[in-house]
2 protein chains.
Amino acid sequence: MPRQVDYEERRRRIAEAVCTLIARSGMEAVSLRDVAAQADVSMGAVQRCFRTKEDMLLFALKHVSQHVSERANQRIAATHTPQAAATLLSHTLAELALLDEASKTQAHVWLAFVAHAPASEKLAAVLHDTYAELHRLIAWLIRYGQDTQEVLQGLDAEHEAHTLLALADGLTVHVLAGQHTPATALALLQRHIDVLLTNPSDRG
Amino acid sequence: MPRQVDYEERRRRIAEAVCTLIARSGMEAVSLRDVAAQADVSMGAVQRCFRTKEDMLLFALKHVSQHVSERANQRIAATHTPQAAATLLSHTLAELALLDEASKTQAHVWLAFVAHAPASEKLAAVLHDTYAELHRLIAWLIRYGQDTQEVLQGLDAEHEAHTLLALADGLTVHVLAGQHTPATALALLQRHIDVLLTNPSDRG
DNA sequence: CACGTTCTGATGCACTTGCATCGTATCGCA
DNA sequence: TGCGATACGATGCAAGTGCATCAGAACGTG
């Protein structure tokens with residue numbers, strides 16, 4: 001058995017390079033050569049890792065999706081000291097909205113992929129699954145809040161989750177478009193969540 | 001004075017072709033040759049109309065933006081028989097959200113441009129202006145509704161307008177991503193508007 | 001230390017891209 | 001009807017694309 005390489009690690013490294021390039025100058029600016037240069041590997045290495053360019057882009061999308069989902073799940077799972085459900089809801093949505101400066105790259109990439117999803121079956125599938133998972137998560141949080149009497153009982157958790165997700169996505173877009181600062185977007189999101197709470201001062 | 005051509009008409013024709021191609025297979029699939037073929041003109045004609053490809057894309061974006069803004073404005077201006085402010089608000093937002101099947105192409109194009117705005121100064125400027133105008137419009141409608149006692153007095157029209165716009169955009173994205181049908185998205189939007197009304201049955 | 005397998009990266013190739021060029025067709029006007 | 005300005009569209013061109021190829025380096029194993 002000759003020289004062995006950690007392909008997973010390399011794939012991730014290349015995916016990061018793809019994201020950097022997409023965030024910098026859009027999706028059509030991503031060429032195999034540029035990716036190789038950005039990831040500091042040879043073009044041959046890229047081609048060995050991914051059969052085609054489309055495979056590479058798809059992997060990059062999954063990479064980002066996974067990153068976002070995981071972060072949201074961890075935020076919840078890591079809550080040893082039981083937090084207020086309302087706080088949890090606020091923080092989780094704030095993270096999903098990719099509002100902070102550090103998430104800007106991911107937001108760029110996400111938007112680029114959403115824009116191209118209609119032209120690619122597989123891409124659309126990944127996005128669909130990710131959204132479904134996030135929706136499940138938010139709806140669960142809302143029901144949890146209702147159990148703890150923090151969220152109004154009359155609300156339909158499924159509907160409110162859809163609305164919250166759409167609002168979060170819309171705000172992400174508006175921040176990227178320079179229409180809002182992350183801070184004002186966050187405030188708008190919080191204002192909307194407050195309406196759902198029995199006691200708005202419960203905010204996190 | 002020799003052969004004269006209606007350049008504006010041709011520009012619009014080419015812009016339509018650009019939109020069709022973007023909607024069909026994304027922005028990077030738009031080449032001058034494809035555009036020429038789609039618009040059923042020669043490549044030379046395209047090059048005569050637009051100095052560069054970027055100019056062409058920019059014009060296409062303005063074309064769509066203008067189309068959307070105009071439709072919203074007309075909806076309001078054409079209201080001879082005074083409609084309920086709440087109805088006006090609902091209908092206007094529903095149109096802006098580009099939810100119906102007929103607007104799907106425009107939604108595609110809008111999304112493609114938003115995704116590429118971070119990579120293009122001029123593109124971002126056009127989007128910024130369009131959003132500002134739409135925000136002004138929605139805020140005005142809310143204040144109008146407050147004047148007619150249809151919308152709750154305590155609301156901050158500016159804030160609510162931002163939220164509504166973000167929600168509309170988010171829903172547009174979700175519909176394009178196949179997460180919602182236009183009908184369910186519309187219902188979600190309406191549910192949110194209802195919360196702002198003094199008498200929710202006023203819906204249009 | 002060789003052997004054989006795996007990985008590498010440079011190069012080639014067919015193709016497409018945006019843009020420039022230029023002879024020709026087309027029209028308004030004298 | 002002929003002139004001259006204008007628009008046309010085919011073609012050329014250099015650059016860049018994704019992907020295939022392949023000689024050789026790098027490495028674990030006998």
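Numbered from 1 within each chain, the chains take letters A, B, ... in sequence-line order. Quick caveat: nothing in here was measured; it's all calculated off a predicted structure.
No more than 12 heavy-atom neighbours from other residues, nucleotides or ligands sit within 6.0 angstrom of CD on B:Glu121.
In this structure, A:Lys53 places its NZ atom 12 Å from C1' of D:dC19, rounding to the nearest Å. Atom CD of A:Gln47 is separated from atom C1' of D:dT17 by 12 Å (rounded to the nearest Å). Rounded to an integer number of Å, the gap from B:Met43 CE to C:dT16 P is 14 Å. Straight-line distance from the CG atom of A:Asp6 to the C1' atom of C:dT8: 17 Å, rounded to whole Å. A straight line from CD of B:Glu54 to P of C:dT17 spans 18 Å, rounded to a whole angstrom. The nearest whole Å value for the distance from the CD1 atom in B:Ile14 to the C1' atom in C:dG18 is 15 Å. Atom-to-atom, CG of B:Asp55 to C1' of C:dG18 comes out at 13 Å; the value is rounded to the nearest Å. For the pair B:Arg33 CZ and D:dG9 C1', the computed distance is 12 Å after rounding to whole Å.
The phosphate of C:dT8 (OP1 or OP2) has a side-chain N or O of A:Arg10 nearer than 4.0 angstrom. The shortest distance between the side-chain N/O atoms of B:Ser31 and the OP1/OP2 oxygens of C:dT17 is below 4.0 Å.
The stretch residues 157-175 of chain B participates, sequence neighbours left out, in these side chain to side chain donor-acceptor pair (under 3.5 Å) pairs: A:Asp169-B:His174, A:His174-B:Asp169, A:Arg191-B:His159, A:Arg191-B:Glu160, B:Tyr131-B:Asp169, B:His135-B:His162, B:Arg143-B:Glu158.
Of the listed nucleotides (C:dT8, D:dC8, D:dT17), D:dC8 has the atom at the smallest distance from the side chain of B:Tyr7. Listed candidates were D:dG18, D:dT17, D:dC8. Nearest to the side chain of B:Ala45 is D:dC8.
Nearest-nucleotide assignment on DNA chain D puts the 5′-proximal partner with A:Leu32, out of A:Gly44 and A:Leu32. A residue-by-residue look at B:Arg48 and B:Asp34 shows that B:Asp34 has its nearest nucleotide of DNA chain C further toward the 5' end.
At the heavy-atom level, B:Val30 lies under 4.0 Å from the strands shown only through sugar-phosphate atoms.
Between A:His67 and A:His63, the ring planes lie tilted relative to each other; the angle falls in the 30° to 60° range. Ring geometry, A:Trp140 versus A:Tyr144: the interplanar angle falls under 30°, so the pair is classed parallel (tilted spans 30 to 60°).
In summary, A:Glu9 and A:Arg12 do not engage in a salt bridge, as defined by a charged side-chain N under 4.0 Å from a carboxylate O.
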